[in-house]
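I have placed the structure first, in the form of structure tokens, so that the comments after it can refer back to it.
Below, each value reflects all heavy atoms present in this structure, side chains not excepted, and no hydrogens, waters or symmetry copies. Quick caveat: nothing in here was measured; it's all calculated off a predicted structure. Protein chains get the first letters and strands the later ones, always in sequence-line order, with residue 1 at the start of each.
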Amino acid sequence: MAYSDKVIDHYENPRNVGKFDAQAPDIGTGMVGAPACGDVMRLQIKVNEQGIIEDAKFKTYGCGSAIASSSLATEWMKGKTLEEAETIKNTQLAEELALPPVKIHCSVLAEDAIKAAVRDYRAKKGLL
Amino acid sequence: MGKPCYFALFDLQPSFELDRDQLATKYRELARETHPDRFAAESDQRQREAVERSADLNEAYQTLRNPTSRARYLLSLDGTELPLEATVQDTEFLFQQLQWREELEALQDGADMDGIASFKARLTQAQNELHDAFSSAWADTTRRPDTERLVRRMQFLDKLAAQVRQLEERLDD
């Protein structure tokens with residue numbers, strides 16, 4: 001399959017790969033998986049006292065589209081509030097990366113990871 | 001007319017535990033009977049039917065032979081088509097899966113054959129445990145949600161097992 005240059009760029013030079021201490025109070029962790037392809041994704045956010053996402057990291061085991069989607073998601077989340085981050089849609093990620101239709105579900109995984117990370121952070125802070 | 005039940009095709013009861021020898025024996029028997037070559041002298045219509053029957057038979061055999069697709073097929077007989085595209089948030093399990101994939105990556109970087117062999121043994125054991133868990137959950141009709149979660153887990157382990165096989169092949173070269 002032909003991947004777009006953006007996908008290849010994010011795949012070859014993924015941004016923000018790594019991990020934060022999942023137990024730390026200012027970290028939210030989203031763990032999601034796609035049974036169809038066996039992809040596993042961990043996306044974490046570091047949130048400051050103003051409720052702004054200061055930093056984001058991810059680790060994805062999956063195809064190029066899943067890696068590129070999560071890499072782009074971490075880039076977009078930085079500097080956003082939790083509410084803003086939650087509005088990131090998989091369709092926006094897919095459009096930016098020019099994902100082919102059969103790979104759209106990989107970007108869904110990234111959107112779900114964002115939501116899961118935000119929810120984990122709020123649960124820690126008793127904000128749910 | 002719908003397709004016949006795969007289990008019935010092989011004279012088996014619909015169940016997760018199955019006699020693999022019986023499945024293989026019956027498959028070979030049916031494959032001989034339905035082989036399209038046997039219908040070479042017949043009408044086009046009959047030949048087409050033979051090709052279709054042969055394809056259905058192969059699909060049935062492959063579905064039942066593999067534990068994950070067998071489990072999925074059982075669920076579908078029961079009226080549940082698992083939406084595998086849907087994201088799962090089986091957190092503890094996924095944390096472990098990420099850890100295993102990291103481990104495999106390290107073994108790959110070190111071309112550690114002994115490490116890969118013991119990793120594979122652990123993976124096989126985990127798959128067997130999942131199969132046992134599915135089998136007992138399946139026997140209890142009140143535990144359908146458990147069976148669905150277990151099938152999804154099987155999918156992840158299958159993927160990992162395929163990666164281990166690929167890695168072994170690469171390192172063999």
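In terms of heavy-atom pairs under 4.5 angstrom with chain B, the leader among A:V32, A:T29, A:V108 is A:V32. When the candidates A:A36, A:A113, A:G38, A:G33 are compared by the number of heavy-atom contacts under 4.5 Å with chain B, A:G33 comes out ahead. Put simply, of B:D90, B:L98, B:T91, the one with the most heavy-atom pairs under 4.5 Å next to chain A is B:L98. Of the listed residues B:R153, B:M154, B:Q155, the one with more heavy-atom pairs under 4.5 angstrom with chain A than any other is B:Q155. Top candidate by heavy-atom pairs under 4.5 Å with chain A, chosen from B:Q89, B:E102, B:R101, is B:R101. With chain B as partner, the option from A:A116, A:G30, A:C37 having the largest number of non-hydrogen pairs under 4.5 angstrom is A:C37.
By the 6.0 Å contact criterion, CD on A:E83 is enclosed, its count of non-hydrogen atoms from other residues, nucleotides or ligands being greater than 12.
The backbone N or O of A:A110 sits nowhere less than 3.5 Å from a side-chain atom of A:S69 that would complete a donor-acceptor pair. Of the possible polar contacts, one joining the B:S136 side chain to the B:D132 backbone as a donor-acceptor pair under 3.5 Å is found.
Using a 4.5 Å heavy-atom threshold, the side chains of A:Y121 and A:K124 count as separate.
For chain B, no part of A:T60 is nearby; none of its heavy atoms comes within less than 4.5 Å. With a 4.5 angstrom heavy-atom cutoff, B:A86 touches chain A only via backbone atoms.
Using modelled atom types, one finds a donor on one side chain and an acceptor on the other under 3.5 Å when comparing B:Q45 with B:R48.
Contact check on B:R46 versus B:E42 returns a salt bridge, with a Lys/Arg side-chain nitrogen under 4.0 Å from an Asp/Glu carboxylate oxygen.
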